[in-house]
There are 2 protein chains.
Amino acid sequence: MVRRAASDDEGRRPTTIRDVAAHAGVSVATVSRILSGSYPSAPATRGKVMRAVRELDYVANANARGLAGASSRSVAIIVNSVVSPHYAHVAQGVQTQAAIEGKLCIVGTTGGDPERELATVQLMRQEQAECVILVGNVVADEAYRERMGDYARALALAGSQLVLCGRPALGPDVPALVIEYDNTGGAYAITSHLLSAGHRRILFLGRRDGHTTPDSRIAGYRAALADHHVPHDPALEAEGTMERREGHRMVRERLDAGPPDFTAIFACNDLVAAGARQALREHGLSVPGDVSLVGFDDLPPAADIDLTTVHVPHEELGRTAVRLALDRERDRPGRPEHVLLGTHIIVRDSVRPLRGPALP
Amino acid sequence: MVRRAASDDEGRRPTTIRDVAAHAGVSVATVSRILSGSYPSAPATRGKVMRAVRELDYVANANARGLAGASSRSVAIIVNSVVSPHYAHVAQGVQTQAAIEGKLCIVGTTGGDPERELATVQLMRQEQAECVILVGNVVADEAYRERMGDYARALALAGSQLVLCGRPALGPDVPALVIEYDNTGGAYAITSHLLSAGHRRILFLGRRDGHTTPDSRIAGYRAALADHHVPHDPALEAEGTMERREGHRMVRERLDAGPPDFTAIFACNDLVAAGARQALREHGLSVPGDVSLVGFDDLPPAADIDLTTVHVPHEELGRTAVRLALDRERDRPGRPEHVLLGTHIIVRDSVRPLRGPALP
DNA sequence: ACCGGAAGTTAAAACGCTTACTATGATCCG
DNA sequence: CGGATCATAGTAAGCGTTTTAACTTCCGGT
């Protein structure tokens, strides 16, 4: 059986537009036109062609289609990892909007490695993606910026478009769309929330100089402290990545070293907050009874642990990225090159006002 | 330099292999062969070509490449949603293995709609994906099975391959790879775990007849009850979908109606368990103090809420799907058509033994 | 009766690449 | 030293679409 199928091979080649044309008794050009729909055609012809398509179970070859002229109808998204809720939600937005626009979505992951990111961009360029969306946090290394700038130019030259999603612009002369959300503003707001509750010693979890996301969040934290005339203690800025276990580690190490010298914690994201919360409980401290805790992102773990946090419009970020990138009237004066989406606090049950005078 | 290269052509058309050939002073065939690496070539020629590629910043056109013979180098994955941890983790596995095999990954989402799923498979067929991986739970509707069977055959005919990942086979004559994990076994094991702790009235959360995943999990639950000679009370099977808020709803409605008539809960997945836990706490019941709680999946929410659950090898599922699908020695006798990956219990802190005689 | 043009259709030229098949020297054996 | 062998490189024929330009009809208007 299998052997027969294999030897039939030349006969069993997939149906092409030529087969459809022959079956319907028209030319390939007509079939192509009718299928792409963008051309007048007699109803009778149309009927014949559609029937042939159904009978032969014909599906167009996307490669040939892409080659012959029409754009490849695909958008590319590059993320660190698909399992991280942050990226997943942005990806979901991209997916949704891509589907609406009739494009499909190719995904690349980098594991946070700039080298792999660059390589993946090249891959997407090969693939003729209509736009390449880069999501998230990255090292603001100079050599890297330059290289990415080159790629942005290369993409633009090829009629594609680089989109930076949730990360700062590369430079004024780089042809890239930037869709950001207000990291600093959100961090400022939630730090103020803690300050209003009377907290003065707020531990920041996840400082990581040179990484764009933590950098802008810590900036909001510092600005809020300054505006409230609370002295800034660098010792209250713990260094670490944005992973759950890092949140756990940072708090554990701190508590192992002695009793807490803070009354509240601002974790640079919800994952870190979840880790921190676990470490606190392991040391017999409750949230918010003993320590107040806030995060950033408003992603799944937040609701589960009743965390007050900053809501980030992840899906909208992705949708906007696609929508703007595909908005092909490039010359249209109204088309923004830089979008900043707002963030806002979600109050749950992880912050308690500090009783009595709380000055250090 | 750049200006010259651009003005050489009438417009800013992207660099082609012909440009590279001209620049290097060789034929296109030579460039093609050197780039694909699958051919002997003199080191001198190779050097010239590589330099030209670098100088012109040439990247091959994947569409043309796919058209001209070489396979399209892409695998397709179709999931309900990218944000659900379950799908995300499988997708991660697919991504990883695809990257290892040098393929890229195109993703489609269906939102759980069978109609959209079918449409997306067609889209992937157009795209000439080397395999199409379908993940997860689905209604076992007969008409749907038949249509999917047709698609499986169409894909096979086109040299592609349908892979069913975490869902049951379509039928004996359907050319599809099936990668499952042991839902029933896992459910049996964790139910036994509760039974061994003395629980006799175990509430099952998430019955949904006709949906493959809940069906097979509840089957394990029932089998364990039967084997332990515990009477099976259909009233202890609450109906609902696999979402967090549904877990919350099912438990809330139950507790609103009267005091708990159960001592433990088996939620059909971790998300539902998280929702259930929240509802319990809102009613002043603690886990595991008052009620024991277990889930299924071992995904992020589980660790945060200290949930005893069944570990599912999600990533491995995705990796295996890609690996097997691309294993193109179809005739190789050893190539399995059906793989069943094992599951095992992860014990955390959400189950407490029941004291004293616990017979109903 | 003739022309201009609309409507519908077609032949054929791309699109950028891979890959038989073919050509060219250089090397080697008898 | 003639022809066979080998290592490279080139020629050209597709791959399955889209699209341009051209070609029929078939009108109504003059």
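Numbers restart at 1 for each chain; the letters A, B, ... are given by sequence-line order, proteins then strands.
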Just how far, in rounded Å, is [atom2] of [N] from [atom1] of [X]?
X	N	atom1	atom2	value
B/R33	C/dC21	CZ	C1'	10 Å
A/N63	C/dT18	CG	C1'	13 Å
B/Q128	D/dT17	CD	P	9 Å
B/N61	D/dT17	CG	C1'	13 Å
B/R18	D/dT11	CZ	P	13 Å
A/I34	D/dT19	CD1	P	15 Å
B/R65	D/dC15	CZ	C1'	15 Å

If the cut-off is 4.0 Å, is [X] near the phosphate of [N], judged by side-chain N/O to OP1 or OP2?
X	N	result
A/S27	C/dT10	yes
B/S41	D/dT8	no
B/S36	C/dT18	no
B/T30	D/dA9	no

**Request:** With the side chain of B/A29 defined as its heavy atoms from C-beta on, choose the nearest nucleotide among D/dA9, D/dA12, C/dT9.
**Result:**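 Selected nucleotide: D/dA12.
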**Item:** For A/V31 against A/A21, the heavy-atom pair lying closest together
**Value:** CG2-CA, 3.7 Å
**Prompt:** Should B/R147 and B/E115 count as an ion pair when the cut-off is N to O under 4.0 Å?
**Reply:**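 Salt bridge between B/R147 and B/E115, a charged N being under 4.0 Å from a carboxylate O: yes.
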**Message:** Check this for me, if you would: do A/D150 and A/R153 make a salt bridge, where the nitrogen-to-carboxylate-oxygen distance has to be below 4.0 angstrom?
**Reply:**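 Yes.
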**Request:** Check whether any side-chain heavy atom of B/Y151 lies under 4.5 Å from a side-chain heavy atom of B/L162, and answer yes or no.
**Result:** no
**Message:** Mind checking if B/S32 touches a base, just sugar-phosphate, or nothing, with heavy atoms under 4.0 Å?
**Reply:** base
